[in-house]
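Numbers here are sequence positions counted from 1.
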Amino acid sequence: DNLAIAWEYPGQTQEVIPASYGRIKPPDTASPTASPTITPSPTSSCGNDVCEASIGETCGTCWEDCCPNVGATIETWTGIPGTTLSAIDWATDPDEYSEIRGDGQGLLEGPTNARENYGERIRTYLIPPVTGSYTFWIASDDQGSLLLSSDASQDNAVEIARVPTWTNSREFGKFAEQRSDPITLVAGTPYFLEAKMKEGGQGDNLAIAWEYPGQTQEVIPASYGRIK
């Protein structure tokens, strides 16, 4: 035998209703015997370009309204054979463009084993969470390159790590040059970051990782990036 009541509302997945939301006696009203008036909760209007915190909209629940600039861009050039970065003219317009959402799930990482004969570029303005020494890694299949600027200018970006041939997905220790030297970054300061890879055939991947004081190596969450 059992009896339970559950609910779900904007910002809250299904749960058994906490008793803290109930009252044993009705609230004071003009008439003690009057039935309580139930006002419908406002519904989420995600997609209207307004971040409505009062109804539970956050970066995690409504990224497009609350944090549309948080994340990274991912560009793709298709139908180009070869395994080296020089096979692509990166100054040309990409064939495909999308964004990596900076919500709770987004990472600075491309799709794995998605297609053949293509190139991919991830770009963002990285916002370090703490001031200190950072180390970066890149993994890619095939050849890959990771650039970081000393500020928000793309013109000052230099290569800090690279993949000479290929690695497995998130295999950050195959080559010594996949790892950058330690780099001092200032919390809250935007730094232009770019990763590129060129895929020929078979497996393909691209991922960027970092490590900093208080954080062990991880694929960089897109929430630390800005699209503009």
Side-chain angles (χ1 to χ4, degrees), residues 68-102 106-128 134-181 183 185 189-210 219-228:
N69 192 44
V70 178
T73 62
I74 183 165
E75 301 164 300
T76 306
W77 287 258
T78 60
I80 303 173
T83 61
T84 61
L85 295 170
S86 61
I88 293 179
D89 181 355
W90 300 96
T92 61
D93 292 333
D95 297 299
E96 299 175 12
Y97 172 92
S98 62
E99 294 172 355
I100 301 173
R101 293 167 59 128
L107 298 171
L108 297 190
E109 184 172 33
T112 300
N113 300 335
R115 61 179 80 183
E116 314 292 347
N117 297 316
Y118 77 102
E120 191 169 75
R121 181 170 68 190
I122 294 174
R123 283 178 159 180
T124 192
Y125 293 90
L126 193 65
I127 309 294
Y134 286 70
T135 301
F136 293 86
W137 289 263
I138 180 174
S140 69
D141 185 349
D142 289 291
Q143 194 175 78
S145 176
L146 178 62
L147 288 78
L148 181 69
S149 177
S150 56
D151 52 28
S153 173
Q154 298 181 23
D155 295 337
N156 295 326
V158 297
E159 186 177 80
I160 60 171
R162 67 190 316 270
V163 174
T165 54
W166 64 273
T167 72
N168 292 316
S169 176
R170 300 190 183 184
E171 185 183 12
F172 295 112
K174 185 175 181 179
F175 302 103
E177 53 263 58
Q178 288 178 252
R179 175 177 177 153
S180 76
D181 291 331
I183 301 169
L185 302 180
T189 300
Y191 297 89
F192 176 73
L193 181 76
E194 175 181 293
K196 297 181 289 191
M197 76 82 160
K198 177 63 183 75
E199 157 65 4
Q202 300 182 6
D204 51 282
N205 65 83
L206 175 63
I208 314 160
W210 65 1
V219 176
I220 302 176
S223 57
Y224 290 107
R226 299 296 181 269
I227 293 171
K228 300 178 182 179

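Annotation for N113 and G203: closest pair OD1-CA, 3.2 Å, computed over non-hydrogen atoms. The shortest heavy-atom contact between S98 and I74 is OG-CG2, 2.8 Å. Residues A209 and I220 come closest through the heavy atom pair C-CG1, 3.9 Å. When all heavy atoms are compared, the tightest approach of I138 to V163 is O-CG2, 3.6 Å.
Remark: E171 engages T167, N168, K174 in a side-chain contact (heavy atoms from CB on, under 4.5 Å) (not counting sequence neighbours). For K196, the salt bridge (Lys or Arg N to Asp or Glu O under 4.0 Å) partners two or more places apart in sequence, or in a different chain, are E194. Scanning for salt bridge (Lys or Arg N to Asp or Glu O under 4.0 Å) contacts around E96 gives R115, with sequence neighbours left out. Residues satisfying the side-chain contact (heavy atoms from CB on, under 4.5 Å) test with S169, not counting sequence neighbours, are E109, T112, N205.
Rounding to the nearest 0.5 angstrom, the gap separating the CD atom in E199 from the OG1 atom in T83 is 9.0 Å. Here the straight-line distance linking atom CH2 of W166 with atom CZ of F175 works out to 8.0 Å at 0.5 Å rounding. Here I227 contributes atom CD1 and R123 contributes atom CZ; the two are 13.5 Å apart, rounded to the nearest 0.5 Å. Here OG of S223 is found 12.0 Å from CD1 of I100. Values are rounded to the nearest 0.5 Å. Atom CG of residue D142 and atom OG1 of residue T165 lie 7.5 Å apart, to the nearest 0.5 angstrom.
Among residues at least two apart or in separate chains, ring-ring contact (aromatic ring centres under 6.0 Å, His included) pairs with a member in residues 190-209 are Y125-F192.
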Open item on the list: Test side-chain contact (heavy atoms from CB on, under 4.5 Å) on D204 and M197; report intermediate values, then the result.
Closed with: CA-CA 9 Å; D204 51 282; M197 76 82 160; 4.2 Å; yes
- [ ] Check step by step if side-chain contact (heavy atoms from CB on, under 4.5 Å) holds for E120 and T76.
- [x] CA-CA 5 Å; E120 191 169 75; T76 306; 4.2 Å; yes
- [ ] I would like to know whether Y134 and I160 meet side-chain contact (heavy atoms from CB on, under 4.5 Å); could you show each step before the answer?
- [x] CA-CA 12 Å; Y134 286 70; I160 60 171; over 6 Å; no
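Using bins of under 30°, 30° to 60° and over 60° for the plane-to-plane angle, the ring pair W90/W77 lands in the perpendicular bin.
Under the 4.5 Å side-chain criterion, counting only non-hydrogen atoms from C-beta, R226 is in contact with V70. Annotation: side chain of L206 is not in contact with side chain of L108 (no heavy-atom distance under 4.5 Å). With contacts defined as side-chain heavy-atom distances shorter than 4.5 Å, the pair S180/T135 qualifies. A heavy-atom distance below 4.5 Å is not found between the side chains of T124 and Y224. With contacts defined as side-chain heavy-atom distances shorter than 4.5 Å, the pair K198/T84 does not qualify.
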Identify every side-chain donor-acceptor pair in residues 143-152 under 3.5 Å, counting partners at least two apart or on other chains, and give the distances.
from, atom 1, to, atom 2, distance (Å)
Q143, OE1, L85, N, 3.0
Q143, NE2, P164, O, 3.2
S145, OG, E159, OE2, 2.6
S149, OG, D151, N, 3.1
S149, OG, D151, O, 3.0
S149, OG, D151, OD1, 3.1
S149, OG, S153, O, 2.7
D151, OD1, S153, N, 2.9
D151, OD1, N156, ND2, 3.2
D151, OD2, N156, ND2, 3.1

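No donor-acceptor contact under 3.5 angstrom links the side chains of D95 and Y118, judged on distance only.
With salt bridges taken as basic N to acidic carboxylate O contacts below 4.0 Å, none links R162 and E177.
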